[in-house]
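The structure appears below as structure tokens.
The chain is numbered in sequence order, starting from 1. If you're wondering where the values come from, they're calculated on a predicted model, not measured in any experiment. Both counts, for ligands and for their atoms, begin at 1 and track the order of listing.
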Amino acid sequence: MRRSVIAGTGSYLPAKILTNHDLAKMVDTSDEWIVERSGIRQRHIAADGEKTSDLAIAAAHKALAAAGIKGADIDLIVVATATPDQTFPATAARVQAALARPGIPSFDVQAVCSGFVYGLATADNFIKAGQANTVLLIGAEVFSRILDWKDRATCVLFGDGAGAVVLKAADGKGTPADQGVLSTHLHSDGRHHDMLYVDGGPSTTQLAGHIRMKGKEVFRHAVVNLAATVEEALAANALPVSAIDWLVPHQANRRILDSTADKLGLDPSKVVITVDKHANTSAASIPLALDTAVGDGRIKRGDLLLLEAMGGGFTWGSALVRF
Ligand code: UT7
């Protein structure tokens with residue numbers, strides 16, 4: 001059975017850090033409120049002129065180096081983003097021009113905060129179908145450009161960044177002991193589109209717009225949907241919770257992460273948490289968390305990783321991966 005093995009990870013964060021204390025000088029908020037309600041202490045903000053593709057390319061270079069491959073070895077590029085450089089062409093095409101062979105396919109996936117899990121499922125299916133052997137998958141966002149910096153309910157929650165993985169085809173036995181992506185599960189429910197959305201776009205206002213969110217409602221759905229998709233992933237592989245070495249979740253809110261671990265009965269020390277330093281970087285948050293924990297030695301080869309995310313749409317999903 002063909003498996004998609006994560007051959008290398010990489011990430012990039014813009015240099016500028018915006019702390020909660022900085023934000024308290026801009027809107028009516030406080031470090032105490034933000035930390036208590038979300039667990040966020042700081043976020044990175046892209047420099048003027050620094051684009052999503054710039055972040056994506058910087059993360060990609062590191063993932064290629066970690067995988068020990070060259071750009072010329074890539075045969076598919078997928079970029080998960082809700083903040084592309086332009087409405088079109090896809091940000092993935094910019095990445096292709098910067099570091100890969102002309103002619104290979106490249107496209108963006110748009111599932112907001114679930115984008116990396118959607119991108120991973122897409123890349124895995126290309127590899128399983130034999131249509132790709134080496135895929136560069138990136139989650140990259142510049143959410144600072146679509147924040148309403150006067151809306152304290154949203155502007156304190158998001159940040160900019162990018163994370164990347166190189167996926168390589170490998171032969172497996174078709175058991176959970178295989179290295180690589182073991183399963184992916186994706187969901188959406190568009191009835192809730194007005195709970196988390198951007199109030200602009202090409203076919204409506206012709207402007208990029210700003211994020212609007214009914215935070216409490218999103219929180220309520222996130223806790224339920226994430227617990228369900230995590231259990232779905234374990235059941236599909238006939239694995240117990242105790243088999244998980246690391247939960248690598250989308251980083252929206254520390255309380256959501258704690259609740260998911262609690263509902264699962266998972267030891268909280270097995271949850272990779274970066275929301276305190278990165279805030280919510282949407283599609284970039286899982287690969288950023290993954291690269292952080294690979295880089296500091298927590299995640300090791302052979303570990304079983306459970307990735308999960310929920311975002312606007314609503315969209316949500318999970319992936320079980322043996323690293
Ligand atoms: O990545 C996609 C998924 N997104 C999420 O998962 C986000 C989910 N939602 C959340 O994380 C939480 O709902 C928030 C962190 C957004 C908010 O936490 P909450 O405990 O649900 O607070 P709330 O929205 O109910 O607001 C409580 C109070 C309100 O005041 P009143 O009405 O009680 O007087 C808000 O006006 O806090 C006020 N508030 C603030 N106060 C200080 C809202 N934002 C702020 C702020 N600073 N930045």
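- With hydrogens and angles left out, the side-chain atoms of Ser183 and Asn237 include a donor and acceptor closer than 3.5 Å.
- At least one N or O atom of Asn280 sits closer than 3.5 Å to an N or O atom of ligand 1.
- The residues Arg255 and Asp258 are annotated as not salt-bridged, no charged nitrogen and carboxylate oxygen being separated by less than 4.0 angstrom.
- Residue Leu23 places every heavy atom at 4.0 Å or more from ligand 1.
- Within the 4.5 Å cutoff, side-chain heavy atoms of Thr134 are placed close to those of Val166.
- Taking distance alone, with nitrogen or oxygen atoms compared against 3.5 Å, Met213 stays at or beyond that limit from ligand 1.
- Using modelled atom types and a 3.5 Å distance limit, the side chains of Glu141 and Ser282 yield a donor-acceptor pair.
- Using a 4.5 Å heavy-atom cutoff, the side chains of Phe158 and Thr281 are not in contact.
- Counting only distance, with no hydrogens or angles, the side chain of Ser30 and the backbone of Trp33 share a donor-acceptor pair below 3.5 Å.
- Ion pairing of Asp148 with Arg212 is present here, as a side-chain N (NZ or NE/NH1/NH2) and a carboxylate O approach within less than 4.0 Å.
- By the criterion of a heavy-atom distance under 4.0 Å, neither the backbone nor the side chain of Ile34 is placed next to ligand 1.
- In plain terms, the two heavy atoms of His250 and Cys113 that are nearest each other are NE2-CB, 3.2 Å.
- For ligand 1 and Lys216, the ligand atoms under 4.0 Å from any heavy atom of the residue are 13 (O), 19 (P), 20 (O), 21 (O), 25 (O).
- Protein heavy atom closest to atom 16 (C) of ligand 1, with residue, atom name and distance, is Leu157 CD1, 3.6 Å.
- Within the listing of ligand 1, atoms 10 (C), 11 (O), 12 (C), 15 (C) sit less than 4.0 angstrom from a heavy atom of Asn253.
- When heavy-atom distances to ligand 1 are checked against a 4.0 Å cut-off, Phe219 comes that close through both its backbone and its side chain.
- Side chain to side chain, Ser144 and Asp160 meet the donor-acceptor criterion of an N or O pair below 3.5 Å.
- The Val156 neighbourhood of ligand 1 comprises atoms 48 (N), with distances under 4.0 Å to a heavy atom of that residue.
- Scanning the protein heavy atoms around atom 28 (C) of ligand 1, the nearest turns out to be Trp33 NE1, 4.2 Å.
- With a 4.0 Å cut-off on non-hydrogen atoms, Ile256 touches ligand 1 through its side chain and not its backbone.
- At a heavy-atom distance under 4.0 Å, no atom of Val112 approaches ligand 1.
- The shortest distance between side-chain heavy atoms of Ile57 and Leu99 falls below 4.5 Å.
- There is no side-chain donor-acceptor pair under 3.5 Å between His192 and Glu217.
- Contact annotation: the side chain of Trp246 never approaches that of Leu306 to less than 4.5 Å [non-hydrogen atoms, C-beta and beyond].
- Contact annotation for atom 1 (O) of ligand 1: protein present (non-hydrogen atoms, distance under 4.0 Å).
- Taking each of Met195, Arg152, Glu217, Arg37 in turn, the one with a heavy atom nearest to atom 35 (C) of ligand 1 proves to be Arg152.
- Less than 4.0 angstrom separates some heavy atom of Cys113 from each of these atoms of ligand 1: 1 (O), 2 (C).
- For atom 5 (C) of ligand 1, the closest non-hydrogen atom of the protein is Val218 CG1, 3.6 Å.
- Inter-residue side-chain proximity for Arg2 and Asn133 is flagged as met; some heavy-atom pair is nearer than 4.5 Å.
- Both the backbone and the side chain of Thr29 come within 4.0 Å of ligand 1, counting heavy atoms alone.
- The heavy atom nearest to atom 18 (O) of ligand 1, considering only Gln251, His221, Arg255, Arg220, is found in Arg255.
- The ligand atoms of ligand 1 that sit less than 4.0 angstrom from a heavy atom of Leu196 are 2 (C).
- The shortest contact between atom 9 (N) of ligand 1 and any protein heavy atom is with Gly215 O, 3.0 Å.
- In this structure, atom 24 (O) of ligand 1 is not in close contact with the protein, since no protein heavy atom lies within 4.0 Å of it.
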